[in-house]
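Data block below; observations after.
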Amino acid sequence: KFNITSFDMVDSSLEDPGARGKERLREIAHELEKRSIEIDWGGQIRAESFGHADKELLEYLYNRGLERFFIGVESFSQHLLDIFHKRATVADNYECLHLLRDEMNFAIDMGFIMFTPYTTLNDLLLNKEGLFNTNMAWNSKYFASRLWLFPGSEIFDRIKEDGLLQEDYNYRYLFKYNFQIPGMDKLCIALQELSRPDISELSASIVAMDKILVHMRRKYRMKDSIIRVVENQEQQLFEIQLDIAQINTTFFDKCINLLNEKWSEKHFRYIFDEYYGCDWTIKCMRQIKQMSMILFMHIQREGYKITEHWI
């Protein structure tokens with residue numbers, strides 16, 4: 001009736017409550033198939049929600065349109081996960097990302113918090129290593145991400161009790177808190193430079209291209225000629241991600257070293273310009289745009305139309 005071809009369930013976790021929730025997902029997928037509804041869909045999950053024991057269910061959902069997940073990873077430091085009162089462990093985070101993306105080809109984005117009032121230098125290193133080892137370090141926003149502090153949350157009460165809440169904090173200024181580690185506030189603020197429009201747009205372009213490739217791989221899984229193009233572009237995108245990840249992690253290492261020595265805004269600016277002062281972000285975006293055009297042209301030459309409104 002409304003010509004909807006894609007939707008996402010925005011909830012704390014797609015499968016809640018547990019086994020019954022997973023069975024409900026199976027029922028939803030069954031109804032989509034029963035009613036011949038061609039649609040792609042996704043949702044939010046916790047990292048401990050799905051493991052290898054769920055592969056049969058995940059394959060069933062995938063074949064009936066489920067293509068993407070937003071995972072509440074938050075950190076690769078157990079110290080910070082404990083502060084957040086997360087049920088998931090670091091091992092759960094690694095397993096979930098590996099299973100859903102590397103083994104099953106779902107499109108993945110995630111919630112992540114690099115900076116909190118309690119973040120230590122070791123937390124920064126563990127997060128950097130986790131992002132790189134899971135091939136998520138290409139997304140620059142993760143390196144600058146910080147805790148959004150909402151009144152009424154447990155961590156809000158803890159920060160207030162520990163004397164780390166700034167006097168001028170209010171609901172419109174959610175980052176008004178202090179850090180336990182000297183200089184951490186300066187690094188956190190400086191890294192907000194990574195939200196520069198061209199850097200943010202590049203990350204968004206990669207997320208979008210990944211979703212497109214996952215969608216086309218599922219939709220045309222029986223069309224070998226299209227799948228060959230998809231696989232070629234998946235490799236191209238992976239190489240772009242790897243190059244950006246190397247830039248981001250090397251830059252982040254230098255920032256940590258700077259914090260270890262003595263923070264200098266001037267030195268930070270020099271490092272930032274060294275890695276992000278040229279136009280490589282624009283070149284990467286052009287390359288990704290060209291990839292999408294080649295893919296769409298090939299699909300059309302095979303006699304199919306691009307009907308998805310979200311592309």
Side-chain angles (χ1 to χ4, degrees), residues 10-13 16 44-49 70-94 96-97 109-131 134 136-137 139-195 200 203 248 251-253 255-265 268 272:
V10 182
D11 200 354
S12 58
S13 201
D16 272 348
Q44 301 174 336
I45 63 168
R46 297 190 304 270
E48 80 278 10
S49 298
F70 185 93
I71 308 171
V73 170
E74 314 310 349
S75 180
F76 291 103
S77 162
Q78 193 60 51
H79 164 240
L80 290 179
L81 291 178
D82 291 342
I83 287 175
F84 299 148
H85 291 170
K86 296 285 289 185
R87 280 176 270 182
T89 64
V90 172
D92 290 328
N93 288 341
Y94 273 102
C96 186
L97 287 167
D109 197 358
M110 66 183 191
F112 200 76
I113 306 172
M114 181 67 79
F115 291 97
T116 77
Y118 306 103
T119 298
T120 66
L121 290 173
N122 189 53
D123 294 329
L124 296 180
L125 291 170
L126 289 171
N127 279 335
K128 181 210 68 174
E129 292 170 4
L131 290 170
T134 57
M136 298 299 284
N139 198 327
S140 305
K141 72 177 183 181
Y142 298 141
F143 291 92
S145 57
R146 48 186 172 168
L147 175 70
W148 290 50
L149 186 60
F150 292 101
S153 61
E154 289 185 27
I155 196 167
F156 176 90
D157 295 335
R158 175 173 176 171
I159 289 171
K160 187 175 182 179
E161 289 173 8
D162 290 342
L164 296 171
L165 192 68
Q166 295 180 9
E167 290 184 3
D168 56 346
Y169 170 89
N170 64 62
Y171 70 93
R172 292 183 298 172
Y173 302 99
L174 300 176
F175 308 115
K176 290 287 187 175
Y177 46 76
N178 297 317
F179 293 77
Q180 289 184 330
I181 302 299
M184 191 69 74
D185 57 335
K186 293 183 176 63
L187 175 60
C188 176
I189 292 170
L191 285 174
Q192 301 313 306
E193 288 280 353
L194 291 173
S195 62
S200 298
S203 295
N248 285 340
F251 164 72
F252 196 68
D253 273 334
C255 290
I256 293 175
N257 290 338
L258 182 59
L259 186 60
N260 263 326
E261 297 164 2
K262 186 178 180 181
W263 181 262
S264 164
E265 187 67 33
F268 171 82
F272 185 84

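Not measured: the values here are computed from a predicted model.
- Expressed to the nearest 0.5 Å, how far OG of Ser195 lies from NZ of Lys141 amounts to 12.0 Å.
- Heavy atoms only, all atoms of each residue included: Ser140 and Leu194 are closest at O-CD1, 3.7 Å.
- When each of His79, Gln78, Lys86, His85 is paired with Asp82, the side-chain hydrogen bond (donor to acceptor under 3.5 Å, both in side chains) condition holds for Gln78 and for no other.
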- Task: Quick one: do Asp11 and Gln44 satisfy side-chain hydrogen bond (donor to acceptor under 3.5 Å, both in side chains)? Show the steps, please.
- Result: CA-CA 6 Å; Asp11 200 354; Gln44 301 174 336; over 6 Å; no

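- Contact of the Phe70 side chain with the Val10 side chain is not registered, since no non-hydrogen atoms from C-beta on lie closer than 4.5 Å.
- Listed here is the closest heavy atom pair of Leu174 and Tyr171: CD2-O, 3.2 Å.
- In this structure, OG1 on Thr119 lies 9.0 Å from CD1 on Ile113, to the nearest 0.5 angstrom.
- Arg46 has no carboxylate O lying under 4.0 Å from a charged side-chain N of Asp92, or vice versa, which leaves the two without a salt bridge.
- Taking the six-membered ring for Trp and thresholds of 30 and 60 degrees, Phe272 and Phe251 have ring planes more than 60 degrees apart, a perpendicular arrangement.
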- Query: Yes or no on side-chain contact (heavy atoms from CB on, under 4.5 Å) for Phe112 and Asn127, after CA distance, side-chain angles and deciding distance?
  - Reply: CA-CA 9 Å; Phe112 200 76; Asn127 279 335; 3.5 Å; yes

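- Taking CG of Asp109 as the reference point, atom CE of Met136 lies at 6.0 Å (rounded to 0.5 Å).
- One finds the CD1 atom of Ile256 at 5.0 Å from the CG atom of Leu124 (value rounded to the nearest 0.5 Å).
- Of all the heavy atoms in Leu258 and Ser264, the pair that sits closest is CD2-O, 3.7 Å.
- Between Leu147 and Tyr177, the shortest heavy-atom distance links the atoms O-OH, 2.7 Å.
- Side-chain contact check for Leu131 versus Phe252: every heavy-atom pair is 4.5 Å or farther apart.
- Between Trp263 and Pro182, the closest side-chain pair of non-hydrogen atoms is not below 4.5 Å.
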- Message: Let's go through Ile155 and Leu149 carefully: what are the C-alpha distance in whole Å and the side-chain angles of both, what is the deciding distance for side-chain contact (heavy atoms from CB on, under 4.5 Å) to 0.1 Å, and is it a yes or a no?
- Response: CA-CA 8 Å; Ile155 196 167; Leu149 186 60; 3.9 Å; yes

- Message: Is there a side-chain hydrogen bond (donor to acceptor under 3.5 Å, both in side chains) between Ser203 and Ser200? Walk through the geometry before answering.
- Response: CA-CA 5 Å; Ser203 295; Ser200 298; over 6 Å; no

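- The shortest non-hydrogen separation linking Phe143 to Lys128 is CE2-CG, 4.1 Å.
- The CZ atom of Phe150 sits 11.5 Å away from the CZ atom of Phe156 when rounded to the nearest 0.5 Å.
- Contact annotation: the side chain of Asp162 never approaches that of Pro117 to less than 4.5 Å [non-hydrogen atoms, C-beta and beyond].
- The distance between the ring centers of Tyr142 and Phe76 does not fall below 6.0 angstrom.
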- Task: For the pair Val73 and Thr134, evaluate side-chain contact (heavy atoms from CB on, under 4.5 Å) and give the outcome as yes or no after the intermediate values.
- Result: CA-CA 12 Å; Val73 170; Thr134 57; over 6 Å; no

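- Residues Tyr118 and Arg158 have side chains in contact (heavy-atom distance under 4.5 Å, counting atoms from C-beta outward).
- Shown here for Ser77 and Val90, the closest heavy-atom pair between the two residues is C-CG2, 3.9 Å.
- The structure places CD1 of Ile71 at 4.5 Å from CD1 of Ile45, a figure rounded to the nearest 0.5 Å.
- Ring orientation note: the planes of Phe115 and Phe179 are nearly perpendicular, at an angle over 60° on the 30°/60° scale.
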- Task: Could you walk me through whether Ser75 and Asp123 pass side-chain contact (heavy atoms from CB on, under 4.5 Å), step by step?
- Result: CA-CA 9 Å; Ser75 180; Asp123 294 329; over 6 Å; no

